[in-house]
S.K.: 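Quick one: the structure is below, and I'll ask about it shortly.
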Amino acid sequence: MDVYSFEKSFLERLKEAEAVLSWDGAAMPASQVRSEWKSYVELKIEPTGWQAMWKIPRVICEDLKLRFPTIVFGYVDQVIFDELKAVFVVTAVQDQDVHLPESNEVSLIELWPTLQQENPALNVDTTAECIDRLRFFYSHVWMPWDKDYDDDRDWVQMHLQARIQLACDLSKNRLPRPLALHMRTLLMEARYIQQRLEYLELDLSDAEDESDDEAVELNDNAADPPKKYSKTNGSPKSNNLNKSLLPVTDLMCLHLRLAIIRSEFEILENPEMRRAYSELQSNVLKRHLLQRNPGAAGQPTEPVERSQMCHLVIVPGELQTQIKLLTQAEKHVKPHIKVQLGNTLQDVLGISQAKDDILLSPGQHTIKFLEHLNDNGSIQGLVAAETIIASNQEMSKLPVICSSDEDSTLMVIDGDYTLSHLVLDCRHVRRGILLRDGTLTLRNCRMLGDGSSSTQEAIVCMPQAKLEMENCVLENFAVGISLRPETSAQLSKVTIRKCNTGLELLDQSIKLKLLDSNCNFDTCKLGILADGIAMPNNTEKTLALKRFSELQRYNEDNWLGNCTFSNCLRNVRAYNQSEQLLAKRTHQSLLLDELDGENKENIII
């Protein structure tokens, strides 16, 4: 089943938005924008009966402990025009383990009308185009803070054209890559915070209603004079002090973070300020280059190619400890390679160039790196391989790379790169590694997830990328390794432990080698998920298999080797291609769309 898809230019999007907002030069405050969209939607969208795909937002997937993305099929029972929402009735799901209420109130921009409709009399073409315009506006133009900062200003005059131009520049890669990635990260985080705020506020509202109901019940039944129990103090029926306070604290933190994002983004929204920001970043790089090569002070300021260098990053410690680390680092530095001492890993990543090696001491190395790692470089920890893999080793004695809690991806790889003898702490990010292109080699590494999220991924491989892993451990993720179409992976002595899904094979074009039969899936809910498998002689929607060899027979050319399973609820699960809800092209499009905006490129809008 396929869905509508639209590709439009910046000028077309601008004209559409201006037409919807009826902009004739008169001032239009932010509070009026939603009313204009409501009027437009009422004229264009069929009020009931049309079929669509619902791509469940990440926030709901996290709350319901679902995979992300989860896409279900159903029909719209009613459009709620005032709220730009719809009552969506679920009629089919891809995964039989997904249990949802039959009727759900969803945002219109989360729906993709299908090309095939049971009722041909419906004007679904117009409905789909209207939702596409609405989705573009609320995904790329309207900001989460706009509704809270009206002040009777002319929102259309101030923001409409500038923001559509910015969305176009981002999609066409017209901005410097570090700046573009930074802005995409801010946008994705702001919209995620907005969704999370809506759900926390809804939870608090429901909790207050329950508290009121409990108070009424107690007052009605008690013989003693009624007592009033506040929400924070709890009640005799539910002493949940922490449960009541935590959402309030979360709300405060989220509102504060959103205010910080707003203040920064409003500066970068201005083209002149963006140019100044890019020049500042460029000057920082130039200063680093001049510090390392003072003789270039009178030379052109363009970055110049230099010979390969090794950067050594050591956290503060006692002198004898530092001497031992320097002695150990000497074993890993190639002959005739210059060595640069770095203050922090963050600083080194900002100045390193092609083929540079980075050596890390034990300790925590926090990064917020918005560029891509590529060009045959490497990061290696100064510890023995067995200490990384040992589960009882203290983290303080290991080289640990972690990220700040507002980031969505720890590392983005866009070329050949090697990571070895490291712990990648992904507990504060939604994704550990996004491999966009090239070959990523992981040796003697451990990746740690938070163990609670249903959407957190360790490694995601994009089309044409190649993953090589040896003697590695991945644990406590929703998905260990996700292989998209046209990717390849070679695994040896890899343990994937305590994950909801250990390995995702999302297309039969994937090339997978499990070397020496020494890979193990340990205590996973599902070891291997294989999607879109051609099963010509089988009418089952899914197959539950016990061994990898049983899965191989459906793809003998591409899936080689063997592995073991230990204490998994299900070892292998294969989905029949003929039973998929979505057409292959649409399925791949929505899979790529879910990869956060800070990693999108070359998208026509």
S.K.: Can you tell me how far apart OG (Ser403) and CD1 (Ile367) are? Round to the nearest 0.5 Å.
M.R.: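 Nearest 0.5 Å value for the OG-CD1 distance: 6.0 Å.
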
S.K.: For residues Glu470 and Leu442, determine if any side-chain heavy atom of one lies less than 4.5 Å from a side-chain heavy atom of the other.
M.R.: no

S.K.: Can you check side chain to side chain contact (heavy atoms under 4.5 Å, CB included) on Leu506 and Leu483, steps first, answer last?
M.R.: CA-CA 6 Å; Leu506 298 181; Leu483 299 178; over 6 Å; no

S.K.: If you look only at pairs with a residue in residues 511-530, which of them pass as a ring pair (Phe, Tyr, Trp, His ring centres under 6.0 Å), with sequence neighbours excluded?
M.R.: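 For residues 511-530, and leaving out neighbouring residues, the ring pair (Phe, Tyr, Trp, His ring centres under 6.0 Å) pairs sorted by first residue read Phe521-Phe565.
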
S.K.: Could you list all the side chain to side chain donor-acceptor pair (under 3.5 Å) pairs where at least one residue sits in residues 488-497, not counting sequence neighbours?
M.R.: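 Output for this query lists Arg497-Asp522.
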
S.K.: Between CD1 of Ile528 and SG of Cys524, what distance do you get to the nearest 0.5 Å?
M.R.: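 If I round to the nearest 0.5 Å, the distance is 10.0 Å.
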
S.K.: Verify whether one side chain among Trp559 and Gln552 offers a donor that lies under 3.5 Å from an acceptor in the other.
M.R.: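 There is no such pair (donor and acceptor under 3.5 Å, judged by atom type) between the side chains of Trp559 and Gln552.
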
S.K.: Using only atom types and a distance under 3.5 Å, with no angle test, would you say the side chain of Arg436 pairs donor to acceptor with the backbone of Gly415?
M.R.: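 Answer holds: no.
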
S.K.: With Ile433 as reference, evaluate Val412, Leu410, Leu440 under the side chain to side chain contact (heavy atoms under 4.5 Å, CB included) test and give the passing residue.
M.R.: Leu440

S.K.: Just wondering, do Val90 and Asn104 contact through their side chains at under 4.5 Å, heavy atoms?
M.R.: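 When only atoms from C-beta onward are counted, Val90 and Asn104 do touch, with a gap below 4.5 Å.
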
S.K.: So which atom in Val93 and which in Val98 form the shortest heavy-atom distance, rounded to 0.1 Å?
M.R.: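 So the minimum-distance heavy-atom pair works out to CG2-O, 4.2 Å.
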
S.K.: Show your reasoning for whether salt bridge (Lys or Arg N to Asp or Glu O under 4.0 Å) applies to Arg257 and Glu189.
M.R.: CA-CA 9 Å; Arg257 177 59 188 163; Glu189 185 185 353; 2.7 Å; yes

S.K.: Could you verify whether a donor N or O on one side chain and an acceptor N or O on the other, from Asp356 and His311, lie under 3.5 Å apart?
M.R.: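 Yes.
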
S.K.: NE2/His365 to SG/Cys402 distance, rounded to the nearest 0.5 angstrom?
M.R.: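 Atom-to-atom, His365:NE2 and Cys402:SG are 9.0 Å apart.
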
S.K.: Which heavy-atom pair separates Pro362 from Leu325 by the least distance, and what is that distance?
M.R.: CD-CD2, 3.7 Å

S.K.: Using side chain to side chain contact (heavy atoms under 4.5 Å, CB included), reason through Ile481 and Met469 one step at a time and then give a plain yes or no.
M.R.: CA-CA 11 Å; Ile481 302 173; Met469 297 182 68; 3.7 Å; yes

S.K.: Please find the pair of heavy atoms, one from Gly480 and one from Ala458, that lie closest to each other, and give the distance.
M.R.: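 That closest heavy-atom pairing would be O-CB, 2.9 Å.
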
S.K.: Treating Ser482 as the side-chain partner and Val460 as the backbone partner, does any N or O pair qualify as donor plus acceptor under 3.5 Å?
M.R.: no

S.K.: Are the side chains of Met411 and Ile401 in contact, using a 4.5 Å heavy-atom criterion?
M.R.: yes

S.K.: Do any N or O atoms from the side chain of Asn555 and from the backbone of Gln508 form a donor-acceptor pair under 3.5 angstrom?
M.R.: yes

S.K.: If every non-hydrogen atom of Thr487 is compared with every non-hydrogen atom of Met462, which pair is closest and at what distance?
M.R.: CG2-O, 2.8 Å

S.K.: State whether the side chain of Asp416 and the backbone N or O of Thr439 hold a donor-acceptor pair below 3.5 Å, judged by distance alone.
M.R.: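 Checked: pair present.
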
S.K.: Under a 4.0 Å N-O cut-off, is there an ion pair linking Arg135 with Glu110?
M.R.: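 No, this pair does not count.
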
S.K.: Is the side chain of Asp507 donor-acceptor paired with the backbone N or O of Ser509 at a distance under 3.5 Å, no angle test?
M.R.: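 Judged by distance alone, yes, a pair lies under 3.5 Å.
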
S.K.: Please list, one pair per line, the donor and acceptor atoms closer than 3.5 Å that link side chains of residues 444-453 to other protein atoms, with sequence neighbours excluded.
M.R.:
| residue | atom | partner | partner atom | Å |
| --- | --- | --- | --- | --- |
| Asn444 | OD1 | Asn471 | ND2 | 2.7 |
| Asn444 | ND2 | His421 | NE2 | 3.3 |
| Arg446 | NE | Ile388 | O | 3.0 |
| Arg446 | NH1 | Glu475 | OE2 | 2.2 |
| Arg446 | NH2 | Ile389 | O | 2.1 |
| Asp450 | OD1 | Ser452 | N | 3.0 |
| Asp450 | OD1 | Ser453 | N | 3.1 |
| Ser453 | OG | Thr455 | N | 3.1 |
| Ser453 | OG | Thr455 | OG1 | 3.2 |
| Ser453 | OG | Gln456 | N | 3.3 |

S.K.: Just so I know, are the side chains of Leu360 and Val315 near enough to count as touching, which here means a heavy-atom distance under 4.5 Å?
M.R.: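 Heavy-atom side-chain distance check fails, nothing below 4.5 Å.
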
S.K.: Output the distance between atom CG (Leu514) and atom CG (Leu560), rounded to the nearest 0.5 Å.
M.R.: 8.5 Å

S.K.: Would you confirm whether Thr441, through its side chain, and Thr418, through its main-chain N or O, come within 3.5 Å as a donor-acceptor pair?
M.R.: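 Looks like no, no N/O pair under 3.5 Å.
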
S.K.: Please tell me whether Ser408 and Arg430 have a donor and an acceptor in their side chains that are separated by less than 3.5 angstrom.
M.R.: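 Checked: Ser408/Arg430 side chains show no N/O donor-acceptor pair below 3.5 Å.
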
S.K.: So which atom in Ile193 and which in Leu254 form the shortest heavy-atom distance, rounded to 0.1 Å?
M.R.: CG2-O, 3.7 Å

S.K.: Are side-chain heavy atoms of Leu515 and Leu491 found at a separation under 4.5 Å?
M.R.: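 No, every pair of side-chain atoms sits at 4.5 Å or beyond.
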
S.K.: Taking atom types as modelled and ignoring hydrogens, do the side chains of Asn520 and Ser566 form a donor-acceptor contact shorter than 3.5 angstrom?
M.R.: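 Yes, because at least one side-chain N or O of Asn520 sits under 3.5 Å from a partner of the opposite role on Ser566.
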
S.K.: Salt bridge (Lys or Arg N to Asp or Glu O under 4.0 Å), that's the test. Do Glu468 and Arg443 meet it? Break it down for me.
M.R.: CA-CA 8 Å; Glu468 295 181 358; Arg443 296 193 189 98; 5.6 Å; no

S.K.: Does Asp425 use its side chain to pair, donor to acceptor, with the backbone of Arg427 at less than 3.5 Å?
M.R.: yes

S.K.: Quick one, Arg191 and Tyr138 - any side-chain contact, counting heavy atoms below 4.5 Å?
M.R.: no

S.K.: Any idea which heavy atoms bring Met395 and Val400 closest together, and the distance?
M.R.: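 Scanning both residues, the minimum pair turns out to be O-CG2, 3.7 Å.
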
S.K.: Would you say that Val72 contacts Met53 through its side chain, given a criterion of any heavy-atom pair below 4.5 Å between the two side chains?
M.R.: no

S.K.: With a 4.5 Å cut-off on side-chain heavy atoms, are Leu529 and Tyr575 touching?
M.R.: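 Heavy-atom side-chain distance check passes, below 4.5 Å.
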
S.K.: Got a second to check how far Arg573's CZ is from Leu551's CG, nearest 0.5 Å?
M.R.: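 With rounding to 0.5 Å, CZ (Arg573) is 13.5 Å from CG (Leu551).
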
S.K.: One thing to verify: whether Arg484 and Glu457 come together as a salt bridge, which I'm taking to mean a side-chain N less than 4.0 angstrom from a carboxylate O.
M.R.: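 Answer for the salt bridge query: yes.
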
S.K.: As an exercise, state the distance from CD of Gln380 to OG of Ser420, rounded to the nearest 0.5 Å.
M.R.: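 With rounding to 0.5 Å, CD (Gln380) is 4.0 Å from OG (Ser420).
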
